[in-house]
Structures are given as C-alpha cells and as structure tokens.
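Everything on this sheet refers to the single structure shown next.
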Amino acid sequence: MAASGAELSLRYRDRVAVITGGTKGIGEAMVKEFVKSGARVVFCSKDTEAKALENEIKAAGPGDCIYVCCDVTKEEDIKKLIEITVMNYGQIDCLINNAGWHPPEQTIDGTSADDFRDLLNLNLIGYFLTAKYALPHLRKTQGNIINISSLVGIIGQKHAIPYVATKGAVTAMTKAMAVDESRHNVRINSISPGNIWTPLWEELSSHSKNSEAMIQGGIDAQLLGRMGTAEECAKAALYLAAEGTFCTGIDLLLTGGAELNYANKSQHRAHSSIYH
Ligand SMILES: NC(=O)c1ccc[n+]([C@@H]2O[C@H](COP(=O)([O-])OP(=O)(O)OC[C@H]3O[C@@H](n4cnc5c(N)ncnc54)[C@H](O)[C@@H]3O)[C@@H](O)[C@H]2O)c1
C-alpha cells in the first residue's frame, strides 16, 4: 500500500532527539519541527518552568516531548538530562547542541578571563559534555549530533572575541568528533547560521544606542536582504538528522549569502584610495 501524505511527512517518526536550549528561538523551532515530523523530543533550558510550552507542543503532535530543567554549564544537570531521556524514551537518535549565548559588544580591554571562561563553559564545554554523555547511546542507534555553531566562527565579528572563539571551536570540534565517531557510524555535523531573528538578536539590539540601525545592518548583511528564521534553521537540522545520511563533519552555512561579495570593509578610512 502506498504511504499517505501524512506518513511521508513523518520524517523522524519514533526517533528520539535531545535538544538543548529549546524554550526560545532556534531551539524552540527545532523542538516543534522534530515533534511535527513524529519524533520524541527531550528539550531543556535553565528556566525552571516550561510546562505550558511542553503541553502546547505535545498537543500539536504527532510526536511527543518532555521538558527538563538543565543548565548545560553543569555536568550533573547534563547527566540527568541524558538519563531522563533514556528512562522515558529508551534510546537517543539525535543530539542537537544549541543552548548558547552571544554577549553584548565586548572589547578585549573590557573582557576578563572569567568572562571568557564562562562563555567557553556554556558555548563549547557544554556541547562537549552533552555529546560525551549522549554518545554511548548514539553509538547503539548509529545516530547523529548537530552542533549549532555560527558563521562568525569562520569570518569573525566586531567586538565579539570570546563568542567568535567559542563558535570557531565548535566548528573544529565537530570535525574532530566526526573523525573519531565514524567507526561507530555516528554522524557529527554543524550548522553555522548567519543572522537569524530570535529573542537573542532582539536582546542584543536592545543594548545598542540605535537599535533600529543595528537591526537594519543585520538585515543588510545578507545577499538575500533579510534575516533568516528559526524555522529555516529547524528545517536544516531535520534534513541533517533524517535524510543527510552521507553527511558527516560538514558545516552547513545557513546564511542567506552573508559571507559572499568581496567588498570594502576597512575600518581605517571611510574611502579606499586604491582606484585613485
Ligand atoms: N540568532 C542568531 O542570529 C544566531 C546566529 C548564529 C548562531 N546562533 C546560535 O544559535 C543558538 C541559539 O540561539 P538563539 O538565537 O535561538 O538564542 P535564544 O537566546 O533566543 O535561545 C537560547 C536558548 O538557550 C537556552 N539557554 C541559554 N543558556 C542556557 C544554559 N546555561 N543551559 C540551558 N539552556 C540555556 C535559553 O533558555 C533558550 O532556550 C546559540 O548557540 C547561538 O549562538 C544564533
């Protein structure tokens, strides 16, 4: 019997995904997309309560979800997140490391070693530890990990040295993990988004003296003339988890072309004199 349209859209039916930072922005959209495609999802944040969101996503179905309060800077919380997933759903097919933060503008002179260490703990070591505790289960299912990195980890960004360093490291760590885990047929990939309109972007722009100009600058950075959406990130993640079965160690640029178009960027002078 031919599969119905509804069955065909259940691209991750009965698979189990763990998504960190799933209560807002890109993470929330990924939880929704995976549950919509039939997956059972455990999602976390360090917020103490997300029952309403859990109920809303469960009700929409057809998959299932559980919210767990877990601060990914705490190793014990991460162990608990993985234990709860396996206790409830029996297996793990996909881990999406997404929980992260971009601090407001930071110069090197105004940044302490502790500021840098705190961000490394969240954006990098958190990804490492969640992978470490999920991998024994991912090896059994020949599953996959998706690390949410950032375009700026490749091309840099003004006043964001610690953030750029953590994301560059996430992209590099993804490749190193892909090499080691290939013998278990576990695929490890990263997605590097450019500007995606989320509560994080909104929060960052609220710190600017001219929020409107900052948002317009964020829009103009893409060849496509707009920011990406959290839903577009979620669709890319579902592709890597469900159909990208020959992808490992890749970094999927989800940027609207932000890295293209060799152009004048010097911060030294307003006008370049090379043509005069
Ligand atoms: N929005 C963008 O333009 C953009 C671009 C490139 C990369 N990213 C990356 O995408 C990821 C998600 O970004 P977003 O814009 O959706 O952010 P967001 O602030 O809108 O959402 C972040 C989520 O992570 C959770 N979180 C934060 N700290 C946590 C902790 N210690 N433990 C557990 N959960 C925690 C938050 O509760 C929230 O659910 C981040 O890793 C970010 O660096 C975002």
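Computed from a prediction, not measured in an experiment: that's the story for all the values here. In listed order, ligands and their atoms are each counted from 1.
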Return all side-chain donor-acceptor pairs below 3.5 angstrom for residues 152-160, not counting sequence neighbours, or 'none' if the list is empty.
from: Q157; atom 1: OE1; to: H102; atom 2: NE2; distance (Å): 2.8
from: H159; atom 1: ND1; to: E105; atom 2: OE1; distance (Å): 3.3

Residue, atom name and distance, where the atom is the protein heavy atom closest to [atom]:
atom	value
atom 16 (O) of ligand 1	I26 N, 2.8 Å
atom 14 (P) of ligand 1	T198 OG1, 3.7 Å
atom 24 (O) of ligand 1	G21 CA, 3.3 Å
atom 41 (O) of ligand 1	N98 O, 2.8 Å
atom 29 (C) of ligand 1	L122 CD1, 4.0 Å
atom 22 (C) of ligand 1	G100 O, 4.2 Å

For ligand 1, does [X] get within less than 4.0 Å through its side chain, its backbone, both, or neither, judged by non-hydrogen atoms?
X	value
S149	backbone
N195	backbone
K167	side chain
A230	neither
Y127	side chain
T20	neither

> Between N98 and T20, does any side-chain donor sit less than 3.5 Å from a side-chain acceptor?
Replying inline: no

> Is the closest side-chain donor-acceptor distance between D93 and Q91 under 3.5 Å?
Replying inline: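 The criterion, which ignores hydrogens and geometry beyond distance, is satisfied for Q91 and D93.
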
